[in-house]
Number of protein chains: 2
Amino acid sequence: MAQSNDTTSYKDIKQTVLARIRSGKWQPDSLLPNEQELAAEFSCTRTTVNRAMRELAEEGYLERRRKAGTRVLSAPQRQARFTIPMVRDEVEALGGTYRYALVSADSETAPEWLSARLALSPKQSVVHVRCMHFNGNTPFQYEDRWIVTASVPQVQQTDFSEVGPNEWLIQTVPFTNVELSFLASRANATVAGFLDVTEGDPVFTGERITWLEGQPVTFAKMYFAAGYRMTTEF
Amino acid sequence: MAQSNDTTSYKDIKQTVLARIRSGKWQPDSLLPNEQELAAEFSCTRTTVNRAMRELAEEGYLERRRKAGTRVLSAPQRQARFTIPMVRDEVEALGGTYRYALVSADSETAPEWLSARLALSPKQSVVHVRCMHFNGNTPFQYEDRWIVTASVPQVQQTDFSEVGPNEWLIQTVPFTNVELSFLASRANATVAGFLDVTEGDPVFTGERITWLEGQPVTFAKMYFAAGYRMTTEF
DNA sequence: CAGTGGTCTAGACCACGGA
DNA sequence: CCGTGGTCTAGACCACTGC
């Protein structure tokens, strides 16, 4: 199928193995034949079997350990992958026209809660940017962001009136680690005003911390407009 | 590093390539050397280069096309992976003791909104299960679930007083497709009561639809207790 | 058409970790 | 110790697609 020829591809093996798991032929927790035996069964090399099984393990269906062999996971630890698009792309994917508006950008001393959150030394300088992302004229996301000046000195000379801080950061600073959270919060007066909802309404909220080689770069809170849902399929 | 010997491993290549991207030596949108040239540079086989570059592409750093070659993605489409653990595991990972309690389980005719959502023919039979998941004695999640009888006939003879519907389903029915959404909703009187929050409070909410070979199996709403956040690092 | 990535083979050495 | 998976090599054929 996958190949025009009749060779057994790693995709064929994946499909077959998945089918055996689903049909119950290979029960959860049961030990599977080793790679050599499977290679013989599928009349291909061990390399090909290895790729198939390795990918199935990455996808959360199997557990593999040297010497112990390969087992079917009883509760498939399937992973949901959410692509984290830039706001602009997300709006445009909805068929809308993206518009950005700066609310404020100020250099200030990091508030205590932020210093604690990012493990900054006290009274470090940060740039605080607040901005809005629109879908046409409809509010889409209100963003509240702090950028650590010491990690990104150029931020002090940057004008965020045309380019959003996220797009600017991505083009300017690489990152090595990200912590991303989602939660439901309550709209305070400010957020409610920007998102055109009633104060106290539930707001889908994201928090993102970004590091570069252990140095904190930025902390962002993203408040999504009413009705937003983060969706994935797998 | 990765190997005890001094051979160049695919992991070394990944690191080097990432470093070049981050340092700006390989600019976004720029065309990279082809696999043969890279293999020569790293003095390894093309197979090894291929694995490194393929994985970097899967991770969202590169774009590869036959004949067109490999390019650095301008806006790294990094993906957040959330593992979707079973509630029990999630609670136990927090160091708590998991406790399950059935609220109700009834066979009924699918309400119209559900038929529409799952594309069921009208008036199909479903089993409606409501239950609670606790962390010790603290409410953790309230679950509202419908299971399509036609897809899982055994559900009619199943007692959900001891085993939660999710654990039961996972052990009973395989699935091929899942749609998973997260949103912020407002606690109605029922949800507020079960989660011990005030009516109208924001509630982090998940919705999950599961199919087996195109057949809808189950629809679940999961309401998380106050303070819940879904977190990932990458 | 021709260049690039996608995949397979046949064989090898080795790291890990269970018994 | 020694079986199992993890990875690399050297070489090959081919699918796709831009020119």
Side-chain angles (χ1 to χ4, degrees), chain A residues 1-18 20-21 26-74 77, chain B residues 1-18 20-21 26-74 77:
Chain A
M1 290 295 189
Q3 302 283 91
S4 65
N5 286 355
D6 50 358
T7 66
T8 312
S9 86
Y10 78 98
K11 287 182 182 174
D12 298 331
I13 298 181
K14 283 179 73 174
Q15 290 236 350
T16 305
V17 171
L18 261 186
R20 288 186 188 172
I21 294 175
W26 282 347
Q27 291 289 322
D29 285 326
S30 66
L31 192 62
L32 268 46
N34 68 28
E35 296 193 346
Q36 209 162 19
E37 292 166 325
L38 289 173
E41 185 198 330
F42 292 112
S43 46
C44 64
T45 47
R46 194 166 75 83
T47 312
T48 303
V49 172
N50 180 275
R51 176 155 183 198
M53 303 302 270
R54 175 161 40 85
E55 292 195 357
L56 285 172
E58 275 168 13
E59 290 162 26
Y61 293 101
L62 303 177
E63 187 202 11
R64 323 190 76 201
R65 267 179 313 171
R66 286 163 151 122
K67 167 75 183 174
T70 300
R71 289 178 182 282
V72 179
L73 278 178
S74 48
Q77 290 282 342
Chain B
M1 291 292 191
Q3 300 285 92
S4 64
N5 285 357
D6 51 358
T7 65
T8 312
S9 87
Y10 79 98
K11 287 182 181 173
D12 298 332
I13 299 181
K14 283 180 74 174
Q15 289 236 353
T16 305
V17 170
L18 261 186
R20 288 185 187 171
I21 294 175
W26 282 347
Q27 291 288 323
D29 285 328
S30 66
L31 192 62
L32 267 46
N34 68 29
E35 295 191 346
Q36 209 163 19
E37 292 166 326
L38 288 173
E41 184 198 330
F42 291 111
S43 45
C44 65
T45 45
R46 194 166 75 83
T47 312
T48 303
V49 172
N50 180 276
R51 175 155 182 197
M53 303 302 270
R54 173 162 39 86
E55 291 195 357
L56 285 172
E58 275 168 12
E59 290 162 25
Y61 293 102
L62 303 176
E63 188 202 10
R64 322 190 76 200
R65 267 179 313 169
R66 286 164 149 122
K67 166 77 182 175
T70 300
R71 290 177 180 281
V72 179
L73 278 179
S74 47
Q77 290 283 345

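Note that the structure is predicted; figures quoted are calculated from it, not measured. Chain letters run A, B, ... following the sequence lines, proteins first and then strands; every chain starts at 1.
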Among [options], which nucleotide sits nearest the side chain of [X]?
| X | options | result |
| --- | --- | --- |
| Arg65(B) | dG18(D), dG5(C), dA10(D) | dG18(D) |
| Arg64(B) | dG5(C), dG11(C), dT9(D) | dG5(C) |
| Lys67(B) | dT7(C), dA2(C), dG5(C) | dA2(C) |
| Asn34(A) | dC8(D), dG18(D), dG5(D) | dG5(D) |
| Thr70(A) | dC8(D), dG18(C), dG5(D) | dG5(D) |
| Arg66(A) | dC16(C), dT17(D), dG5(C) | dC16(C) |
| Thr45(A) | dC8(C), dG6(D), dT7(C) | dC8(C) |

Item to check | From CG (Leu38(B)) to OG1 (Thr70(B)), nearest 0.5 Å | outcome: 8.0 Å
Return the value, rounded to whole Å, for the distance between atom [atom1] of [X] and atom [atom2] of [N].
| X | N | atom1 | atom2 | value |
| --- | --- | --- | --- | --- |
| Glu55(B) | dG6(D) | CD | P | 12 Å |
| Glu35(A) | dC8(D) | CD | P | 15 Å |
| Glu63(A) | dT4(D) | CD | C1' | 14 Å |
| Lys11(A) | dG6(C) | NZ | P | 10 Å |
| Arg46(A) | dA12(C) | CZ | C1' | 10 Å |
| Arg51(B) | dT9(D) | CZ | P | 12 Å |
| Asn50(B) | dT9(D) | CG | C1' | 14 Å |
| Arg71(A) | dG5(D) | CZ | C1' | 14 Å |

Does a side-chain heavy-atom distance below 4.5 Å link [X] with [Y]?
| X | Y | answer |
| --- | --- | --- |
| Cys44(B) | Asp12(B) | no |
| Asn50(A) | Thr47(A) | no |
| Ile21(A) | Leu62(A) | yes |

Item to check | Under-4.0 Å salt bridge between Glu35(A) and Arg64(A) | outcome: yes
Item to check | Given DNA chain C, 5'-ward residue of the pair Thr48(A) and Leu32(B), judged by closest heavy atom | outcome: Leu32(B)
Next on the checklist: Nearest heavy atom decides the nucleotide; on that basis, is Arg54(A) or Gly69(A) closer to the 5' end of DNA chain D?
Outcome noted: Gly69(A)
Next on the checklist: Does a side-chain N or O of Thr47(B) approach OP1 or OP2 of dA10(D) to a distance below 4.0 Å, or not?
Outcome noted: no
Next on the checklist: Side-chain N or O of Tyr10(B) versus OP1/OP2 of dC8(D): is the shortest distance under 4.0 Å?
Outcome noted: no
